[in-house]
Amino acid sequence: MAAFGGRRLLWHGRCWFSQTESSVSSQPSDSLYPPIVASATAKSKAAKRRRLEHFNQRVHAAASIEEKLRLYGQLQRPKYMVYPQTFALNADRWYRSFTKTVFVPGLPPAAVAPEAAKAPEPAAAAPGAAKSPEAAAEAAPNLDVDELRSLACDALLQESFYQNKKRPFLYRDQDHTPGPFLTQLVSTLAAFLCGRNPLLAASSLDLKPEVNYYWHHGEEVVVHGHRKGRVDPVRFQIDDNPHLQIRVPKQLPEIVPLDSDLGDVPVIDHKPSKLPLFKKQYENKVFIGSKVADPCCYGHTQFHLIPDKLKRERFLRVNLEDQIEVLYRANGIASLFAWTAAQAMYQGFWNEADVTRPFVSQAVVTDGRYFAFFCYQLNTLALTVETIQNNPRKNICWGTDSQPLYDVVEDGNVKGFNDEVLLKLVHFLLNRPKEL
Amino acid sequence: MATGVRKAVYPLFQLGGPQLRIFRPNFFMLAVRPGVPQPEDTVQFRVSMEMTKVDIKNYLEKIYNVPVAAVRTRIQYGANNKRNHKNQRVKKPDYKVAYVQLGQGQTFQFPNLFPEKEQDAEARSFDDFKDKYMEREKQRQKGDPRRGGVPDWFGL
């Protein structure tokens, strides 16, 4: 099992490492002889274990989070690049096995509103159940659905009808109308709901941020090269660019307790390259969208835009209707896993120091018309071969199918506007910790 | 060779016109057992070098009615290292490999083409007899075990 690296630098001329060893045979402390431990530089499994142990101690003892991240991703080796938005068939099943995630259809039963007068009625009372219209009417004095609808329709009409835009360039349809519409919608809704949710007032809205995460999961034998025959961990890297992201200074509350078991994680025996997934060697980056010193270090909601290459029409043309939902799910699972895990690493947790509290984030995946909502709870970061053995915890992802927000925009009117989708979006934005 | 057979002249085909001729493709596809384990919905083929992914998809869908979800291809270079009796390099031919993922949830497992045949009692008893005979012959060839493998001609 290869270590994360850094073991090659410090063995010459440093004698302090011998005192950090814990696997010493019991000797009285006043013994004349140094402790008997395995060699640190031999070509043996004991020496390998000792180097690994030393590396883990170095990371545990790192002075700052930046130093910890630097040591964690120091050793560069070829790794699989996991793309959240992918055309690969049944990608969501593979991604669930890479990230030890359980997928639960439907949104979680929303947390009980702290004060009924203040908070709106939850939009999704049961997994997959339709929202009752009475709840919206009751919350009308607190949450003006008409006002929200008019805001959404204004943004939509401004981008697609009133504004005089030239024809979109080839394969740039998504950047032409749905992209700006999504930005406008989210920023106006967030500004409108600031009064209700003080967390939004203290939040930070990122445009086209970068989210990266690097992790190990499973083992494989190196096939060719000068390292042929050695057993290596399988390395993955997610480099994601959500369209929009809201980061907040306080963490969202947990949805279910840390050790809940809501389903099974698929186990796939084949190598990830059969997905297809390809390997490359480059910087092992862990990034949430802002650097470590930023006060808004927890995630609230991400918004993803489906690119032109993966539009609905393309799937329908080649008779792959079932893969449309797979695309949304894979995007939700991979992006949210990367974001929550990077947030956990920013707080100092890593696979040897597992999270002590769950990290929760939300995401909305859309192609401009169809919206799918996802909630993710990160319960464990320990996915390497050694740490996964006695780890019963699983990460959980709740998600809905994609539903249209509107049917068509004609002559300055939005036809078939769907209030449920809008209310789910608003409910997502209003999510906040119980203290606030 | 028949004499006096003139080649038939067909009108030029344009889209929408009557189809008077059917062209069978000159491509051939060979389903092979994968060298490394593949997922259940993936079938591995050796195809002609000139076939494209679209060709492979249409070939399987139109001729064999197999729903195809995705096709990936690669070209396998045949090595040029072996030498013949004249010390000339002998090239193994290149070929294209296609990995076809089946649609509609279908799976495929490459069949075992050479299954072990059930031996009847006669054949089994004959095999036992043969094994015992070979064992006895080998024992006869070996010398006295007390000599520890040393040959007979060694000694006084």
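This is a predicted model, so every value here is computed, not measured. Throughout, a chain's letter reflects where its sequence line sits, starting with A, and its residues are numbered from 1. Computed from heavy atoms alone, side chains included, the values below leave out hydrogens, waters and symmetry copies.
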* Considering only heavy atoms, which portion of Val36(B) lies under 4.5 Å from any heavy atom of chain A: side chain, backbone, both, or neither? -> side chain
* Within 6.0 angstrom of Asn26(B) CG, more than 12 heavy atoms from elsewhere -> no
* Asked: Ile268(A) versus chain B, heavy atoms under 4.5 Å apart: side chain, backbone, both or neither?
  -> neither
* Asked: Looking only at heavy atoms, what is the nearest atom pair of Lys274(A) and Pro37(B), with distance?
  -> CE-O, 3.4 Å
* To do: For residues Gln101(B) and Leu89(A), report the shortest heavy-atom separation together with the two atoms involved.
  => OE1-CD1, 3.4 Å
* To do: Inspect the surroundings of CD in Glu137(B) and state if more than 12 heavy atoms from other residues, nucleotides or ligands are less than 6.0 Å away.
  => yes
* Should we say atom OH of Tyr171(A) is surrounded by more than 12 heavy atoms from elsewhere, each under 6.0 Å from it? -> no
* To do: Verify the neighbour count for atom CD of Glu321(A): are there more than 12 heavy atoms of other residues, nucleotides or ligands below 6.0 Å?
  => yes
* **Closest heavy-atom pair and its distance - Pro39(B), His270(A)** => CA-CE1, 3.5 Å
* Inspect the surroundings of CD in Gln88(B) and state if more than 12 heavy atoms from other residues, nucleotides or ligands are less than 6.0 Å away. => yes
